[in-house]
Amino acid sequence: MGSRWRLIHGIEGEVYTATPATEIAFRAGKVLAQFHSQLKNYTEELKPTLPMFRYDEVLNKLIKYEPQFLATRDPKVIQAFTLLKDQFPKLLLPKNLPEQIIHTDPKITNFLFNIQDQGICMIDLDTIQKLSPLYDIGDCVRSLCGQSEDNPNNVFDKERYEAIIKGYLHVEQTAFATILSDTEKALIPQACQLIMLGLASRFLNDYIDDNYFGWDETRYTSRKDHNLARAIGQIALWHSMKQQA
C-alpha cells in the first residue's frame with residue numbers, strides 16, 4: 001500500500017552501443033524530433049528525480065575548486081581546468097529559451113530500432129523534465145558524433161552531425177510541427193559544444209569529489225584517473241567540432 005507503479009508496454013526492437021552508420025544518425029534525429037513534437041504541449045507538472053543540465057552549478061563548483069586543481073601540479077589537470085574556466089561560460093545558453101518535456105539522456109543506447117533499422121522510439125525515461133530541447137539535441141550530437149568519451153584524440157564526425165540535424169528538421173518540415181524557432185536553430189552548434197564542455201567540467205569536478213561517476217578498474221588505477229581521461233576526451237571532441245565549424 002502507498003507505493004506507485006508504472007506499467008510499460010513491451011516494444012520489440014534493438015539498440016546500438018555505438019553509431020554504426022550516418023543513416024542511423026539521421027533516423028535518431030527523426031526519433032528525437034518526434035519525441036519533442038509529441039510532448040511539446042504536455043502541460044502536467046513533472047517532478048524530476050534527477051535535475052539535469054544544471055550548468056550554473058557545475059561552473060560554480062569548477063571555479064570553487066580552482067585551488068585544488070592548481071595544487072595538483074599536474075599539467076594535464078591544470079590545462080583542462082584553465083580551458084574550461086575560459087571557454088565553458090561562453091557557451092551557456094540564454095535563460096529565456098522556451099521549455100518543454102525533453103528526454104535529457106538521448107545517447108545512442110536509448111534509441112530503439114526495428115530489424116529494418118527504422119527508428120521506433122526512445123527508451124529510459126526516468127529523467128524526463130522540462131528544459132530547452134537544445135540540451136537534448138546537443139547531447140544526442142555529443143553521443144552519436146564522438147568516439148569513446150575518454151579518447152584523448154576524440155574526433156567529431158561532421159557527417160553524422162549533419163545527418164542528425166537533417167533528420168530532426170525533416171520531422172518539422174514533413175509533419176508541419178514547429179519545435180524550434182529560428183533563434184533556437186541558430187543556437188544548435190553552441191548547444192552541442194556546451195554539452196561537451198559541460199560534461200568535461202563535470203568529470204573534472206569529480207576528479208576532486210571522487211565519488212560520483214563510475215570507473216573502469218580494468219583500465220585505470222583510480223576514479224580520478226578515469227575522470228581526468230574523460231574530461232580530456234570531451235575537450236578533444238569540442239576542439240574537433242570547433243575546428244570543423
Side-chain angles (χ1 to χ4, degrees), residues 6-44 46 48-50 52-53 93 97-147 149 156-182 184-185 187-196 199 237 241:
R6 181 174 64 182
L7 180 64
I8 301 176
H9 292 286
I11 302 176
E12 292 187 6
E14 302 291 338
V15 297
Y16 288 103
T17 57
T19 312
T22 301
E23 183 63 24
I24 295 298
F26 172 78
R27 292 170 182 172
K30 288 178 62 178
V31 172
L32 183 61
Q34 290 163 355
F35 182 89
H36 288 165
S37 175
Q38 291 167 5
L39 294 174
K40 184 175 179 65
N41 297 316
Y42 186 84
T43 57
E44 296 294 327
L46 294 179
T49 56
L50 180 64
M52 302 289 282
F53 305 119
L93 295 176
L97 292 174
E99 296 184 345
Q100 66 160 83
I101 291 179
I102 68 171
H103 187 277
T104 77
D105 192 19
K107 56 190 177 184
I108 186 60
T109 54
N110 282 336
F111 289 91
L112 197 64
F113 297 88
N114 64 18
I115 194 170
Q116 289 83 29
D117 273 341
Q118 299 295 329
I120 301 174
C121 65
M122 302 190 71
I123 59 175
D124 193 4
L125 307 179
D126 290 346
T127 57
I128 61 170
Q129 53 204 266
K130 284 191 174 182
L131 289 168
S132 167
L134 290 172
Y135 291 111
D136 261 2
I137 297 173
D139 204 24
C140 179
V141 167
R142 184 203 67 82
S143 171
L144 276 65
C145 299
Q147 299 165 312
E149 63 186 13
F156 181 75
D157 192 317
K158 187 177 180 182
E159 288 188 5
R160 291 181 186 172
Y161 166 78
E162 292 172 345
I164 292 169
I165 305 306
K166 183 178 179 181
Y168 191 94
L169 298 181
H170 176 79
V171 171
E172 281 199 331
Q173 295 162 358
T174 56
F176 301 102
T178 301
I179 305 171
L180 302 178
S181 66
D182 290 341
E184 291 170 290
K185 291 173 185 176
L187 288 170
I188 289 175
Q190 178 178 330
C192 297
Q193 295 182 46
L194 169 66
I195 297 296
M196 295 169 191
L199 185 56
L237 183 62
M241 180 178 181

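What you are looking at is a predicted structure, and each value in this text was computed from that prediction instead of being measured. Each residue takes its place number in the sequence, starting with 1.
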Problem - Whether Phe156 and Tyr161 hold their rings parallel, tilted or perpendicular, with breakpoints at 30° and 60° - result: tilted
Practice task
Find the distance between CD1 (Ile108) and OG1 (Thr19) and round it off to the nearest 0.5 Å.
Solution key: 4.0 Å
Exercise for the section: Give a yes or no answer on whether the side chain of Thr174 reaches the backbone of His170 with a donor-acceptor pair at less than 3.5 Å. Expected result: yes
Exercise for the section: Give a yes or no on whether the backbone of Leu237 and the side-chain of Gln147 come within a donor-acceptor separation of less than 3.5 Å. Expected result: no
Practice task
For the residue pair Ile188 and Val141, establish whether any side-chain heavy-atom pair is separated by less than 4.5 Å.
Solution key: no
Completion exercise
Smallest heavy-atom separation, Pro106 atom then Ser143 atom, equals O-CB, 4.5 Å
Exercise for the section: In sequence, state the C-alpha distance, the side-chain angles, and the governing distance for Phe53 and Leu134, and then conclude on side-chain contact (heavy atoms from CB on, under 4.5 Å). Expected result: CA-CA 11 Å; Phe53 305 119; Leu134 290 172; over 6 Å; no
Handout entry: Nearest heavy-atom neighbours spanning Asn114 and Ile120
Key = N-CD1, 3.5 Å
Completion exercise
Distance col, row Gln118:CD vs Phe113:CZ, nearest 0.5 angstrom, shows 9.5 Å
Practice task
Go through the steps for Gln100 and Tyr42 under the test side-chain contact (heavy atoms from CB on, under 4.5 Å), then give the verdict.
Solution key: CA-CA 8 Å; Gln100 66 160 83; Tyr42 186 84; over 6 Å; no
Practice task
Write out all pairs satisfying salt bridge (Lys or Arg N to Asp or Glu O under 4.0 Å) with one or both partners inside residues 10-39, taking only residues at least two apart or from two chains.
Solution key: Glu23-Arg27
Handout entry: Backbone N/O of Leu97 and side chain of Ser132: donor-acceptor pair under 3.5 Å
Key = no
Exercise for the section: Go through Arg160 and Leu144 one step at a time and tell me if the side-chain contact (heavy atoms from CB on, under 4.5 Å) criterion holds. Expected result: CA-CA 7 Å; Arg160 291 181 186 172; Leu144 276 65; 5.5 Å; no
Handout entry: Listed once per pair and sorted, the salt bridge (Lys or Arg N to Asp or Glu O under 4.0 Å) pairs that draw on residues 137-146, sequence neighbours left out
Key = Asp139-Arg142
Practice task
Decide yes or no for Thr104 and Leu50: does some side-chain heavy atom of the first lie under 4.5 Å from some side-chain heavy atom of the second?
Solution key: no
Exercise for the section: For Ile115, look at atom CD1 and say whether over 12 heavy atoms of other residues, nucleotides or ligands are found less than 6.0 Å away. Expected result: no
Exercise for the section: With rounding to the nearest 0.5 Å, note down the distance linking CG in Leu125 to CG in Asn110. Expected result: 8.5 Å
Exercise for the section: State, to 0.1 Å, how close Val31 and Cys121 come at their nearest heavy-atom pair, and which atoms those are. Expected result: CG1-C, 3.8 Å
Completion exercise
Heavy atoms of Leu112 and Val15 approach each other most closely as CD1-CG1, 3.8 Å
Exercise for the section: Could you grab the distance from atom CG of Asp157 to atom OG1 of Thr22, nearest 0.5 Å is fine? Expected result: 6.0 Å
Exercise for the section: Just grab all the salt bridge (Lys or Arg N to Asp or Glu O under 4.0 Å) pairs involving residues 115-138, residues at least two apart or on different chains. Expected result: Arg6-Asp126
Exercise for the section: Please round to the nearest 0.5 Å and tell me the distance separating atom CE of Met122 and atom SG of Cys140. Expected result: 7.0 Å
Handout entry: Glu184: salt bridge (charged side-chain N to carboxylate O under 4.0 Å, His left out) partners, not counting sequence neighbours
Key = none
Handout entry: Partners meeting side chain to side chain contact (heavy atoms under 4.5 Å, CB included) with Pro20 (sequence neighbours left out)
Key = Tyr16, Ile24
Practice task
Could you pull out all residues at least two apart from Glu172 that satisfy salt bridge (charged side-chain N to carboxylate O under 4.0 Å, His left out)?
Solution key: Lys185
Handout entry: Exam field: side chain His103 to backbone His36, donor-acceptor pair closer than 3.5 Å
Key = no
Fill in the blank from the handout: Smallest heavy-atom separation, Tyr168 atom then Pro133 atom, equals OH-CB, 4.1 Å
Handout entry: Inter-residue atom distance Ile195.CD1 - Gln190.CD, 0.5 Å rounding
Key = 11.0 Å
